[in-house]
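Sharing a structure below in structure tokens format, with a few things to ask.
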Amino acid sequence: MSPIKTSFISLVIIVSMGVAVAGKTHVIDFRWPNLYPEGMAWDPLAQHFIVGSLNHRTIHSVSDAGVVETLISDPTLPENVTVLGLTVDFTKNRLLACLHSVSPLPPFNALVAYDLRTRRRLFLSLLPSDPDSPIASIGRGRDVANDVAVDFKGNAYVTNSVGNFIWKVNGEGEAWIFSRSPAFSRYPSVMGENEPFNDCGLNGIAYVSKGYLLVVQSNTGKMFKVDEENGKARTVLLNQDLVMPDGIAIRRDGVVLVVSTQKLWFLKSDDSWGEGVVYDKTALEEEGFATSVVVGEEGRAYVLYGHVMEGINGKEREGFKIVEVRSERESGEEHVWIYVLLGLGLAYFLIWRFQMKQLVNNMDKKIN
């Protein structure tokens with residue numbers, strides 16, 4: 001067999017294998033009794049996922065093969081505290097976690113930091129209530145430290161889902177209310193009064209290196225751009241509102257991922273998030289109650305199926321999932337390039353065959 005023919009056959013095999021691999025998404029099944037994780041982070045140094053727990057004072061790592069290990073166990077935390085949002089500060093190799101206690105437990109909202117190398121606690125910062133907030137008269141227990149993002153200086157930003165403001169915690173653990181922008185209370189809730197989480201406002205938060213934060217608000221479907229210096233916020237104009245958005249993550253190419261229990265949205269912006277466009281969305285398994293999204297290895301998007309509603313309702317469960325989710329539109333574009341490559345290879349092969357046929361005919365003429 002000629003070298004060119006061999007090369008073409010090899011190209012076909014490689015492309016076919018690439019299409020087959022591209023069609024498979026990564027599903028990670030993991031087990032831990034009654035873990036019910038709500039928050040998830042990706043540790044790029046250790047190359048594993050990190051999840052919290054609705055019921056335990058523990059934080060766990062999950063490998064890409066589904067092996068679960070206890071990363072942090074802190075019995076000094078209040079009993080039955082819930083570990084919600086998580087993020088890895090890779091510049092300082094720290095793990096930051098939002099802590100919250102639900103009624104009828106005593107009110108408790110805090111940000112805790114752990115050294116990922118020694119697993120030693122660095123600080124525990126109690127997050128202050130806003131005395132001027134409309135919910136102040138209801139009691140501090142209504143505050144909910146939900147999600148956290150960190151900038152390159154080590155400052156953490158924590159969303160208060162019911163109070164609708166953002167706390168800031170510096171690298172030494174000093175905490176204060178950073179942004180109580182009027183924009184956060186400008187829009188009415190689109191959820192019914194008796195629907196679960198109808199009072200859940202500011203939720204997922206992500207830091208953008210250009211000097212601002214992106215925050216989603218669950219009960220209005222809005223997204224806000226918040227200045228990291230002064231906390232001023234403005235609404236990001238989207239081509240469609242998001243329905244009950246929860247977690248948020250940002251890929252290296254600037255694409256923003258927003259997850260809800262029903263969908264994962266893919267958004268992009270051409271003007272640093274003055275405006276944005278939802279250019280694709282992928283349906284999710286509703287039973288799994290997805291609450292968090294991260295960007296993992298090679299820029300892949302993963303959502304967490306933590307079955308949190310089952311945990312809230314007192315059910316028992318051991319199995320949970322972390323699932324890779326792709327944009328169908330992006331996958332289709334990738335497949336187009338694969339077939340273009342295959343087409344070029346085929347065209348090259350046909351040209352070679354034509355040239356060889358011409359060469360053989362010319363040689364036959366000379367011989368005859």
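Here the structure is a predicted model, which means the values were calculated and not measured.
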ask   = Looking at Glu275 and Ser269, what are the two nearest heavy atoms and their distance?
value = O-OG, 2.5 Å
query = Is the backbone N or O of Lys315 less than 3.5 Å from a side-chain atom of Asn313, with the two atoms forming a donor-acceptor pair by type?
reply = no
ask   = Distance-only, no hydrogens or angles: does the Asn109 side chain make a donor-acceptor pair with backbone N or O of His100 under 3.5 Å?
value = no
inquiry  = Do Val243 and Lys263 make a side-chain contact, defined as non-hydrogen atoms from C-beta onward lying under 4.5 Å apart?
reply    = no
task = Please answer whether the main-chain N or O of Asp115 pairs with a side-chain N or O of Arg120 as donor and acceptor at a distance below 3.5 Å.
result = no
Leu71 side chain near Leu116 side chain, heavy-atom distance below 4.5 Å = yes
request  = Give the minimum heavy-atom separation between Val83 and Gly52, together with the two atoms involved.
outcome  =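 Looking at all heavy atoms of both residues, the closest pair is CG1-CA, 3.9 Å.
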task = Could you tell me whether the side chain of Asn155 and the main chain of Asp151 form a donor-acceptor pair under 3.5 Å?
result =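 Flag not set: sc Asn155 to bb Asp151 has no pair under 3.5 Å.
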inquiry  = Between the side chains of Glu330 and Arg251, is the shortest nitrogen-to-carboxylate-oxygen separation below 4.0 Å, so that they form an ion pair?
reply    =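 Salt bridge between Arg251 and Glu330, a charged N being under 4.0 Å from a carboxylate O: yes.
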ask   = Between Ser53 and Asn55, is any side-chain donor less than 3.5 angstrom from a side-chain acceptor?
value =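 There is no such pair between these side chains.
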Heavy atoms of other groups near Asp270 CG, more than 12 under 6.0 Å =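 Not buried by this count: 12 neighbours or fewer within 6.0 Å.
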query = Considering all heavy atoms of both residues, which atom of Leu111 and which atom of Cys98 are nearest to each other, and what is their separation?
reply =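 For Leu111 and Cys98, the tightest heavy-atom pair comes out as CD1-N, 4.2 Å.
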key: Passing candidate, ring-ring contact (aromatic ring centres under 6.0 Å, His included) with Tyr157, options Phe165, Phe178, Trp167   =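 One option only clears the test, and that one is Phe178.
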key: Pairwise side-chain contact, Met244 with Phe197, heavy-atom cut-off 4.5 Å (strictly under)   = yes
remark   = Rounding to 0.5 Å, atoms OG1 (Thr220) and CG (Asp241) come to a distance of 7.5 Å
task = With rounding to the nearest 0.5 Å, note down the distance linking CD1 in Ile248 to CE in Met223.
result = 4.0 Å
Nearest non-hydrogen partners of Val148 and Ala156, listed with the distance = CG2-CB, 4.0 Å
query = Roughly how far, to the nearest 0.5 Å, is OG1 of Thr82 from CZ of Arg57?
reply = 11.5 Å
query = Can you get from Ile312 to Val144 by hopping between Ile, Leu, Val, Met, Phe, Trp and Tyr side chains that sit under 4.5 Å apart?
reply = no
key: Of all pairs that satisfy ring pair (Phe, Tyr, Trp, His ring centres under 6.0 Å), the ones with a partner from residues 276-307, not counting sequence neighbours   =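 The answer is His26-Tyr302, Phe49-Tyr302.
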query = Would you call the rings of Tyr187 and Phe224 parallel, tilted or perpendicular if under 30° counts as parallel and over 60° as perpendicular?
reply = tilted
request  = Can you see which heavy atom on Thr282 is nearest to which on Glu328, and at what distance?
outcome  = OG1-N, 4.4 Å
task = Carefully, step by step, assess Leu213 and Tyr207 under the rule side-chain contact (heavy atoms from CB on, under 4.5 Å).
result = CA-CA 5 Å; Leu213 302 146; Tyr207 176 72; 3.9 Å; yes
ask   = Taking a hydrophobic cluster as the set of Ile, Leu, Val, Met, Phe, Trp and Tyr residues connected by side-chain heavy atoms closer than 4.5 Å, whether directly or through intermediates, do Leu202 and Met191 fall within one such cluster?
value = no
inquiry  = As an exercise, state the distance from CG of Leu84 to CG of Asp147, rounded to the nearest 0.5 Å.
reply    = 9.0 Å
request  = Without swapping roles, check the side chain of Asn146 against the backbone of Ser161 for a donor-acceptor pair under 3.5 Å.
outcome  = no
Trace of the ring-ring contact (aromatic ring centres under 6.0 Å, His included) decision for Tyr36 with Phe320 = CA-CA 8 Å; Tyr36 293 110; Phe320 307 94; 5.5 Å; yes
ask   = Under 3.5 Å, is there a donor-acceptor pair between the Asp143 and Ser129 side chains?
value =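 Yes.
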inquiry  = Given 3.5 Å as the limit, does a donor-acceptor pair link the side chain of Ser101 with the main chain of Phe108, or not?
reply    = yes
query = Hey, quick one: are Val62 and Leu54 part of the same hydrophobic cluster, counting side-chain heavy atoms closer than 4.5 Å, chains of contacts allowed?
reply =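 Yes, it is one cluster - the side chains of Val62 and Leu54 are joined through contacts under 4.5 Å.
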inquiry  = Looking at Val278, is its backbone amide N or carbonyl O close enough to the side chain of Asn239 to form a donor-acceptor pair, meaning the two atoms are under 3.5 Å apart?
reply    = yes
inquiry  = Measuring only between side-chain heavy atoms, which start at C-beta, is Met40 closer than 4.5 Å to Val51?
reply    =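 Yes; the side chains approach each other to less than 4.5 Å.
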inquiry  = Quick check: do Phe184 and Val226 have side-chain heavy atoms less than 4.5 Å from each other?
reply    =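 Yes - at least one pair of side-chain heavy atoms lies under 4.5 Å apart.
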task = Quick one: which residue pairs count as a side-chain hydrogen bond (donor to acceptor under 3.5 Å, both in side chains) with a foot in residues 175-184, not counting sequence neighbours?
result =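 Qualifying pairs, neighbours excluded: Asp130-Arg180.
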key: Leu86 side, atom CG; Glu38 side, atom CD - distance, nearest 0.5 Å   = 8.5 Å
query = Under 3.5 Å, is there a donor-acceptor pair between the side chain of Lys225 and the main chain of Ser272?
reply =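 Flag set: sc Lys225 to bb Ser272 pair under 3.5 Å.
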ask   = Are side-chain heavy atoms of Ser61 and Asp43 found at a separation under 4.5 Å?
value = no
key: Residue pair Phe123, Asn170: steps toward the side-chain contact (heavy atoms from CB on, under 4.5 Å) verdict   = CA-CA 11 Å; Phe123 62 74; Asn170 65 20; over 6 Å; no
ask   = Can you check whether Trp265 reaches Leu257 side chain to side chain, under 4.5 Å on heavy atoms?
value =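 Trp265 does not reach Leu257 side chain to side chain.
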ask   = Run the side-chain contact (heavy atoms from CB on, under 4.5 Å) check on Arg186 and Lys222 step by step: do they pass?
value = CA-CA 10 Å; Arg186 184 172 297 154; Lys222 301 299 183 183; over 6 Å; no
ask   = If you take all heavy atoms of Leu124 and Ala110, which pair is closest and at what distance?
value =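 It is CD1-CB, 3.8 Å.
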ask   = What about Ile205 and Trp42, same hydrophobic cluster or not, with Ile/Leu/Val/Met/Phe/Trp/Tyr joined at side-chain heavy-atom distances under 4.5 Å?
value = no
query = Leu126, Leu77: one ILVMFWY side-chain cluster at the under-4.5 Å cut-off?
reply =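 Per the 4.5 Å side-chain linkage, Leu126 and Leu77 are co-clustered.
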query = Is a side-chain N or O of Asp29 found less than 3.5 angstrom from the main chain of Gly66, in a donor-acceptor match?
reply =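 Pair absent, no side-chain N/O of Asp29 close to backbone of Gly66.
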ask   = Backbone N or O of Gly247 within a donor-acceptor pair of the Ser292 side chain at under 3.5 Å?
value =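 Not at all, since once roles are kept as given, no pair shorter than 3.5 Å links the two residues.
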inquiry  = Can you tell me how far apart CD (Glu174) and OG (Ser125) are? Round to the nearest 0.5 Å.
reply    = 8.5 Å
request  = Assess whether atom CD of Glu318 is packed by more than 12 heavy atoms of other residues, nucleotides or ligands within 6.0 Å.
outcome  =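 Above 12, so yes.
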inquiry  = Apply side-chain contact (heavy atoms from CB on, under 4.5 Å) to residues Val303 and Val293 and explain how you reach the verdict.
reply    = CA-CA 4 Å; Val303 300; Val293 58; 4.2 Å; yes
key: Close side-chain approach of Val150 and Arg94, heavy atoms under 4.5 Å   = yes
task = Answer with yes or no whether the side chains of Gln217 and Asn164 bring together a donor and an acceptor at under 3.5 Å.
result = yes
